[in-house]
Amino acid sequence: MLYRHDTENCFASAIGDQGLSDDEFASVLDEAATALENIKADYRSGALPMLSLAEAKADLEGLKLVAERCRRDFDNVVVLGTGGSSLGGHTLCSLADIGFGPEDGSPRIYFIDNVDPNTFETLFGRIGLVRTGFIVISKSGGTAETVAQFVVCLDALNRGVGKAAVAEQVIVITEPGDNPLRRLASKWGTLILDHDPEVGGRYSVLSLVGLLPAMIAGLDAAAVRAGAADVLMRAMEANAPGDCEAAVGAAIGIGLLRHHGAASTVLMPYADRLSIFGLWFQQLWAESLGKDGTGTTPIRAMGTRDQHSQMQLYLDGPRDKMFTLVMLDVADSGRPVCSGDSCDEALDYLTGRSMGDLLAAEQTATAATLAANGCPIRVITIQELNEKTLGGLLMHFMLETMVAARLLGINAFDQPAVEEGKDRTRRYLANMRLPE
Ligand code: PA5
């Protein structure tokens with residue numbers, strides 16, 4: 001197994017009243033059995049292509065060629081898109097760069113998911129466009145933010161480098177058929193890659209949407225899929241929901257909502273490389289489950305930072321949360337934190353310890369403190385964070401979300417409320433007075 005899934009402290013037997021009783025858990029796990037069987041049937045019939053992507057191999061050769069060209073021709077790659085068209089790739093690329101820049105030989109990758117004019121002025125002011133590539137991702141091809149970003153960037157390329165640069169330096173990913181993004185891309189002669197129309201944005205991380213940026217960053221896309229496939233197979237071959245970590249996680253989350261008012265779910269990884277993963281999870285969970293008056297609110301936290309921030313609320317505020325800590329086996333790793341002249345008697349407790357020892361102690365202490373205060377908490381532990389284990393985590397949470405959606409009786413794959421916002425934006429723009 002790529003990770004350990006420790007749920008003991010979600011139960012009344014361990015944490016008291018706020019935990020699930022055995023009967024409550026048995027009943028929701030029974031429902032999860034049906035949910036998991038339905039997901040298995042859908043997967044076998046090919047109705048869940050976002051899951052089957054974990055086993056796909058054929059497309060990687062073609063993507064590798066595109067990625068190699070980007071790695072050769074560009075010092076910078078700007079990924080334009082929003083929501084599911086941005087967060088999966090960003091999550092994966094965080095394995096390679098957490099803000100200190102890429103490894104030698106890899107371009108620096110920027111993800112821009114807003115239309116803040118200041119961001120674009122800063123971008124054009126600070127990076128030269130001659131060796132900058134743009135990847136524009138929009139499944140629908142009609143999202144106003146992404147189309148606007150594209151137009152602004154192609155205009156800057158056209159003026160700054162020349163018309164040919166638009167065709168050579170822009171790649172567009174969108175679904176087949178007629179849409180504004182595809183029409184514009186065709187007009188300017190850019191490379192257009194197809195987005196699978198059956199794979200929704202927030203479930204697209206294992207498709208070219210997530211993997212192309214990852215490959216440009218120098219990451220092993222096959223390993224991401226292999227990790228996802230491991231977790232998928234474990235779920236598809238589970239004889240009972242209790243053998244599938246994602247089904248157990250969903251059953252606990254929905255059981256705690258129903259019986260103990262846990263209306264929020266906090267995801268708190270302890271690895272900086274999982275910071276964007278927290279945003280990815282937040283979108284996946286919120287946009288998939290927040291429907292028909294139900295769902296639980298995902299809260300993104302980061303260890304150790306939020307021990308000095310949100311933790312006060314978690315321990316002493318409303319009792320309405322379930323916690324998931326994502327930990328790394330980091331003890332004994334990293335540099336010494338107190339040695340020789342850099343020690344002080346007040347820091348005795350650090351003597352002989354490494355930075356990894358401190359992080360290990362912080363994460364274990366936080367989990368124990370939450371449990372001791374009666375807060376339902378599960379711990380996911382990974383030995384080493386790499387493409388394979390990250391792929392496994394991504395699949396875990398996609399499956400957990402799908403099981404949770406079935407327990408809540410809602411469709412995990414649509415987003416009617418988001419669409420309403422997109423429509424209103426268009427109408428407000430139409431009614432805005434144009435500059436004279
Ligand atoms: O997950 C989703 O479906 C959304 O978050 C979309 O990814 C987001 O709205 C962007 O849509 P599109 O890729 O069509 O531009």
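If you're wondering where the values come from, they're calculated on a predicted model, not measured in any experiment. Ligands are counted one by one from 1 in listed order, and the atoms in each one are counted from 1 as well.
- Side-chain atoms of T389 and N386 include a donor-acceptor pair closer than 3.5 Å.
- Among residues two or more places apart in sequence or in another chain, the salt bridge (Lys or Arg N to Asp or Glu O under 4.0 Å) test is passed with R319 by none.
- Ligand 1 lies under 4.0 Å from heavy atoms of T82, G83, G84, S85, S138, K139, S140, T143, G201, R202, Q283, E287, Q415, K422.
- A donor-acceptor pair under 3.5 Å links the side-chain atoms of N179 to the main chain of L181, judged by distance alone.
- In this view, S333 and V330 satisfy the side chain to side chain contact (heavy atoms under 4.5 Å, CB included) rule, not counting sequence neighbours.
- A 6.0 Å sphere centred on CZ of R426 holds more than 12 heavy atoms belonging to other residues, nucleotides or ligands.
- Residues forming a side chain to side chain contact (heavy atoms under 4.5 Å, CB included) with T34 (at least two apart in sequence, or on another chain): N38.
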